[in-house]
Amino acid sequence: MTEEQRIKKILSDLGDTVAGPSDFFGDAKPSFLFWPMVKLMRPLLSCDPDKMISKTSIRIRKILHPIFLRLLPAFMKYKQVIERKIEIPQEPVIWCPTHCFEDDIAASIGAARHAYILFGSIPALFNRLDGVGAYVNGVVICNRKVKASKRAATEASAHLLDMGMDLILFPEGVWNKTPDKLLLDFWPGAYRLAKETGCKIVPVIHYLADPHEKYDGNVIHTVIADPISMDGLDEREGQALLRDTMATWYYYLMKKYGQSTREELLDGFETADDAWESYIAMHTGCVKYYDREIELCADYRPKQIVRPEDVWQSVANIQNVHAGNASHVRYARALVEREKRRDFQRRF
C-alpha cells in the first residue's frame with residue numbers, strides 16, 4: 001500500500017472527524033512519527049468525550065508526570081525562569097498562558113501543576129516530538145475545522161475538570177502576529193468553562209525577547225498570576241479582567257527584559273511594516289508542521305468590533321462606477337487594500 005493510499009484509508013476510517021490531509025500535516029509531508037501517533041491517538045479524535053478521557057489514562061499520566069517534568073528542559077530550546085510563583089487552590093483550575101513562540105506549550109507545562117492541554121495545532125501533535133511529549137502529559141484534541149470536534153473538546157474539558165484534573169487552555173488560540181497588540185482578543189472558552197465548572201483561572205504569562213537567537217540572558221521569563229474567579233462577572237467583564245491582567249504582566253516583562261532601539265528594529269528596512277513583515281515570515285516559517293488554512297482564521301474577532309475594511313468593503317465592491325461615485329469607490333478600494341495588507345494576523 002502506498003503512502004497516499006494509507007492516508008486515504010486513515011481519513012476514511014476517521015470519517016467526518018477530520019476535514020482532510022492538511023488537518024494532519026498542513027502543507028508538509030507526514031513525518032515518521034505520524035503513523036504510530038495516529039494509531040495511538042485515534043480515540044482522541046473520535047469526538048466522543050467518554051473515549052477521549054478516562055480515569056485510567058489520568059492515573060497513568062499522573063504516575064509518569066514527575067519523570068516527564070525532569071526530562072522536559074532537555075527538549076526546550078530556551079531555559080525557563082519562573083519570575084513569580086503563587087499558591088494554587090487544591091481544587092482544579094484552568095491555566096491560561098500567553099501564546100507567541102515555539103516553546104510556550106512546554107513552558108506552560110513546566111510552570112503549571114500537572115494539567116491536560118487543550119490542543120488545537122494537530123499537525124504539530126502528530127508529527128513532532130513535542131506532540132509525543134504532549135500526549136504523554138495528557139491532551140484533549142480539538143480539530144478547529146470540525147464542529148463536532150470543537151463541541152466534544154469542550155465537553156471533554158469540562159469532564160476532565162469535574163474529575164479533578166487541571167486544564168491548560170490558550171485563550172488567544174493562535175500566535176500573536178500583530179505589531180501593535182500586547183495580546184489578541186480572547187476566545188470565550190476559558191470563561192465559559194470557568195462558569196460551568198466553578199473553577200478559577202490561573203493566568204500564565206511568558207516572555208521571550210528573541211525567539212530566533214540563543215544567547216546568554218535570552219530566556220523564557222514566566223509569571224504565574226493570582227487565580228481569578230469568574231463568579232458574578234458576565235462574559236464581557238470576565239474576558240476583560242483576564243485579558244487586562246495578562247496584558248499588564250506581559251507589558252511588565254517586555255519593559256524589563258525586551259528593550260530595543262528603533263534603529264535596531266528597523267536596521268535594513270525602509271519602514272516598520274517591512275521590518276515586521278520580515279519578522280513574521282521568519283517566525284511562522286520556523287514551524288514545519290503548520291496548518292496555514294486554520295491558522296489564518298484562528299484568532300477571535302468579536303462581532304462588536306467593527307474594522308474599517310469591513311465598513312468600506314461594500315463600497316469597494318461597486319462595479320457600476322460613474323462620475324458621482326468614482327472618488328468614493330477609489331478611496332474605498334485603496335483603504336480596503338491597505339488594511340488587508342496590514343492585517344498581519346491573517347496574512348500569515
Side-chain angles (χ1 to χ4, degrees), residues 2-11 13-14 17-45 52 68 71-72 74-78 97-110 116-146 149-150 153 168-170 172-177 184 206 208 211-212 214 220 279-299 344-348:
T2 65
E3 182 178 278
E4 184 178 353
Q5 290 172 328
R6 292 173 71 189
I7 292 171
K8 285 183 178 179
K9 185 177 187 309
I10 288 170
L11 294 176
D13 291 345
L14 290 172
T17 62
V18 290
S22 65
D23 292 14
F24 285 127
F25 11 88
D27 299 329
K29 294 290 184 181
S31 75
F32 72 95
L33 288 170
F34 171 73
W35 309 106
M37 291 296 283
V38 76
K39 289 182 179 179
L40 194 63
M41 290 196 278
R42 189 166 295 188
L44 301 184
L45 287 163
M52 297 167 74
F68 179 68
L71 296 174
L72 185 64
F75 293 93
M76 295 175 64
K77 293 182 179 178
Y78 299 91
T98 52
H99 197 30
C100 53
F101 56 87
E102 197 170 358
D103 263 353
D104 56 18
I105 295 178
S108 300
I109 295 172
Y116 272 55
I117 310 163
L118 182 59
F119 214 104
S121 299
I122 296 180
L125 189 64
F126 283 88
N127 294 278
R128 299 175 56 185
L129 286 174
D130 297 3
V132 177
Y135 176 76
V136 172
N137 172 80
V139 291
V140 174
I141 293 181
C142 176
N143 187 341
R144 292 175 285 181
K145 297 178 184 177
V146 178
S149 179
K150 292 192 286 186
I168 294 174
L169 185 158
F170 292 88
E172 293 174 281
V174 65
W175 281 1
N176 181 4
K177 309 179 198 74
L184 299 174
H206 304 298
L208 176 62
H212 305 114
K214 295 184 73 173
I220 302 168
Y279 172 81
I280 292 300
M282 176 177 64
H283 196 44
T284 57
C286 72
V287 183
K288 181 177 181 180
Y289 290 96
Y290 189 76
D291 189 351
R292 297 181 188 279
E293 182 182 347
I294 189 65
E295 298 294 341
L296 282 174
C297 58
D299 61 316
F344 290 98
Q345 191 62 37
R346 294 207 171 183
R347 280 178 57 201
F348 293 92

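These numbers were taken from a predicted model, which means no experiment stands behind them. Quick note: numbers below take in every heavy atom, side chains included, and nothing from hydrogens, waters or symmetry partners.
- When all heavy atoms of D103 and Y78 are compared, the pair lying nearest together is OD2-N, 3.2 Å.
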Please tabulate, one pair per line, all N/O donor-acceptor pairs under 3.5 Å involving side-chain atoms of residues 24-31, not counting sequence neighbours.
residue : atom : partner : partner atom : Å
S31     : OG   : L33     : N            : 3.2
S31     : OG   : N127    : O            : 2.9
S31     : OG   : N127    : OD1          : 3.4

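- In this structure, Y290 and W175 have tilted ring planes: the angle between them lies in the 30° to 60° band.
- Heavy-atom neighbours of K145 NZ from other residues, nucleotides or ligands within 6.0 Å: above the threshold of 12.
- Interatomic distance, CZ of F126 versus CG of L45, reported as 4.0 Å (0.5 Å rounding).
- E4 CD: 12 or fewer foreign heavy atoms inside a 6.0 Å radius.
- In this structure the side chain of N143 reaches within 4.5 angstrom of the side chain of V18, judged on heavy atoms.
- Interatomic distance, CG of N176 versus CD of E172, reported as 5.5 Å (0.5 Å rounding).
- Remark: side-chain polar atoms of D23 are paired, donor with acceptor, to backbone N or O of A19 under 3.5 angstrom.
- Between I117 and I105 the shortest side-chain heavy-atom distance falls below 4.5 Å.
- Between L40 and P43, the shortest heavy-atom contact is O-CD, 3.6 Å.
- Atom CZ of F75 and atom CG of L129 lie 6.5 Å apart (nearest 0.5 Å).
- Listed here is the closest heavy atom pair of I141 and M52: O-CE, 3.5 Å.
- Between R144 and E295, at least one side-chain nitrogen of the basic residue sits less than 4.0 Å from a carboxylate oxygen of the acidic one, meeting the salt-bridge criterion.
- Between L125 and M41, some side-chain heavy-atom pair lies under the 4.5 Å cut-off.
- Residues D291 and P123 approach most closely at CB-CG, 3.8 Å, considering heavy atoms.
- Atom CD1 in I109 sits 6.0 Å away from atom CG in L72 (nearest 0.5 Å).
- The two residues I220 and M76 come nearest to each other via the heavy atoms CD1-CE, 3.9 Å.
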Candidate pair H212 and Y279, rule ring-ring contact (aromatic ring centres under 6.0 Å, His included), full reasoning: CA-CA 10 Å; H212 305 114; Y279 172 81; 5.4 Å; yes
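- Ring geometry for H99 against F170 counts as tilted: the plane angle lies between 30° and 60°, on a 0 to 90° scale.
- Taken to the nearest 0.5 Å, the CG atom of L118 stands 10.5 Å off from the CD1 atom of I168.
- At a threshold of 4.0 Å, the pair D299-K177 does not count as salt-bridged, since none of the basic side-chain nitrogens sits closer than that to a carboxylate oxygen.
- Under the 3.5 Å distance criterion, the side-chain polar atoms of S149 are left unmatched by any main-chain donor or acceptor of C142.
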Evaluation steps, side chain to side chain contact (heavy atoms under 4.5 Å, CB included), between R347 and L296: CA-CA 7 Å; R347 280 178 57 201; L296 282 174; 5.7 Å; no
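- Side-chain contact between D104 and P97 is absent, with no heavy atoms from C-beta onward closer than 4.5 Å.
- The CZ atom of F34 lies 9.0 Å from the CD atom of E3; values are rounded to the nearest 0.5 Å.
- Under 4.0 Å is where a charged nitrogen must lie from a carboxylate oxygen, and between E102 and R128 at least one such pair does.
- In this structure, T2 contributes its side chain and Q5 its backbone to a donor-acceptor pair below 3.5 Å.
- Contact between H283 and C100 at its shortest, heavy atoms only, is NE2-O, 2.9 Å.
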